[in-house]
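In this chain, residues are counted from 1 in sequence order. These numbers come from a predicted model, not from an experiment.
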Amino acid sequence: MSFTSNVAPFVKRELSAANALMDEGRMAEAFKHLEDAHVLGQRSTKWHVLSHIRMLRWAIRNRQHREALGQLFRIVGAATKTVVGLVPTGNTGGSNVSPFKPMPLSERNREILQSVEVNDD
């Protein structure tokens, strides 16, 4: 199996949690789940791009223009740079941080990423 398929259930869980919280109007909490989806999926072009699309959707829904513009930039980067491994580990993906800045992993995300690691990606 590939990293993309191994990490899929974890990314999907975070995206689902974000959707449920947005439906409840709990936007700040929802964004934290989008950040975790980004951290977990950023080594997969599919999940990396999708996490930024969901962040863009969040920004539009919340009329966060700066965040929306940042996400447009990050979608292009995720679509073109992930495949060559240009992703900073642990980066949460929001426009409030540099898209090039590595960040520490939470213990939970570290454990998940270790559990889904494959050597043939």
Side-chain angles (χ1 to χ4, degrees):
M1 292 184 76
S2 69
F3 174 82
T4 298
S5 59
N6 288 351
V7 80
F10 300 101
V11 175
K12 287 178 182 178
R13 181 180 65 206
E14 295 300 331
L15 294 174
S16 292
N19 285 342
L21 288 164
M22 281 193 284
D23 289 346
E24 295 173 12
R26 296 163 61 187
M27 297 305 183
E29 292 173 77
F31 200 79
K32 294 290 184 194
H33 285 278
L34 294 174
E35 290 176 324
D36 279 338
H38 178 269
V39 168
L40 294 172
Q42 71 179 341
R43 286 187 31 231
S44 159
T45 300
K46 173 183 177 175
W47 296 119
H48 195 182
V49 171
L50 183 60
S51 67
H52 284 297
I53 290 170
R54 294 290 183 88
M55 287 179 171
L56 173 62
R57 184 175 139 224
W58 179 95
I60 291 168
R61 186 170 174 182
N62 289 285
R63 295 186 174 98
Q64 299 290 323
H65 304 293
R66 183 177 180 274
E67 184 67 38
L69 287 172
Q71 290 307 322
L72 289 171
F73 171 74
R74 284 160 173 78
I75 289 167
V76 172
T80 60
K81 307 294 188 257
T82 305
V83 70
V84 294
L86 293 176
V87 292
T89 301
N91 187 288
T92 54
S95 293
N96 62 327
V97 296
S98 166
F100 308 106
K101 179 182 180 181
M103 299 171 76
L105 290 167
S106 69
E107 187 60 34
R108 179 178 159 270
N109 286 342
R110 181 186 329 281
E111 288 173 5
I112 291 169
L113 289 171
Q114 286 174 345
S115 76
V116 300
E117 190 64 44
V118 293
N119 293 323
D120 60 351
D121 252 358

If Ile, Leu, Val, Met, Phe, Trp and Tyr residues are connected whenever their side-chain heavy atoms lie under 4.5 Å apart, and connections chain through other members, are [X] and [Y] in the same group?
{"X": "V49", "Y": "V7", "value": "no"}
{"X": "I112", "Y": "L34", "value": "yes"}
{"X": "V76", "Y": "L50", "value": "no"}
{"X": "V87", "Y": "L56", "value": "no"}

Measuring from [X]:[atom1] to [Y]:[atom2], what's the distance to the nearest 0.5 Å?
{"X": "K101", "Y": "T92", "atom1": "NZ", "atom2": "OG1", "answer": "8.5 Å"}
{"X": "F10", "Y": "N109", "atom1": "CZ", "atom2": "CG", "answer": "10.5 Å"}
{"X": "M55", "Y": "H38", "atom1": "CE", "atom2": "NE2", "answer": "6.0 Å"}
{"X": "Q114", "Y": "L105", "atom1": "CD", "atom2": "CG", "answer": "9.0 Å"}
{"X": "N96", "Y": "Q64", "atom1": "CG", "atom2": "CD", "answer": "11.0 Å"}

Does the plane of the ring in F100 sit parallel, tilted or perpendicular to the ring in F73? Use 30° and 60° as the thresholds.
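Ring orientation, 0 to 90° scale: perpendicular.
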
Do [X] and [Y] have side-chain heavy atoms sitting under 4.5 Å apart?
{"X": "I60", "Y": "E67", "value": "no"}
{"X": "I53", "Y": "Q71", "value": "no"}
{"X": "R66", "Y": "S95", "value": "yes"}
{"X": "S51", "Y": "E35", "value": "no"}
{"X": "R43", "Y": "E117", "value": "yes"}
{"X": "M22", "Y": "R57", "value": "yes"}
{"X": "L40", "Y": "W47", "value": "no"}

Looking at every non-hydrogen atom in both residues, tell me the closest pair between [X] and [Y] and how far apart they are.
{"X": "S2", "Y": "V118", "value": "C-CG2, 4.1 Å"}
{"X": "A59", "Y": "A68", "value": "CB-N, 3.5 Å"}
{"X": "R54", "Y": "N19", "value": "NH1-ND2, 3.4 Å"}
{"X": "L15", "Y": "A37", "value": "CD2-CB, 3.7 Å"}
{"X": "H48", "Y": "T82", "value": "ND1-OG1, 2.6 Å"}
{"X": "Q42", "Y": "G90", "value": "NE2-N, 3.1 Å"}

Taking N91 for its side chain and G93 for its backbone only, find out whether a donor-acceptor pair lies under 3.5 Å.
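Yes, N91 side chain to G93 backbone: donor-acceptor pair under 3.5 Å.
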
Main chain of K12, side chain of S16: is a donor-acceptor contact present, judged purely on distance under 3.5 Å?
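Judged by distance alone, yes, a pair lies under 3.5 Å.
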
Report yes or no: do H33 and E14 form a side-chain donor-acceptor pair below 3.5 Å?
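E14 and H33 do have a side-chain donor-acceptor pair below 3.5 Å.
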
Does a side-chain N-to-carboxylate-O contact under 4.0 Å join E107 and R110?
yes

Verdict with reasoning, E29 to E24, per side-chain contact (heavy atoms from CB on, under 4.5 Å):
CA-CA 10 Å; E29 292 173 77; E24 295 173 12; over 6 Å; no

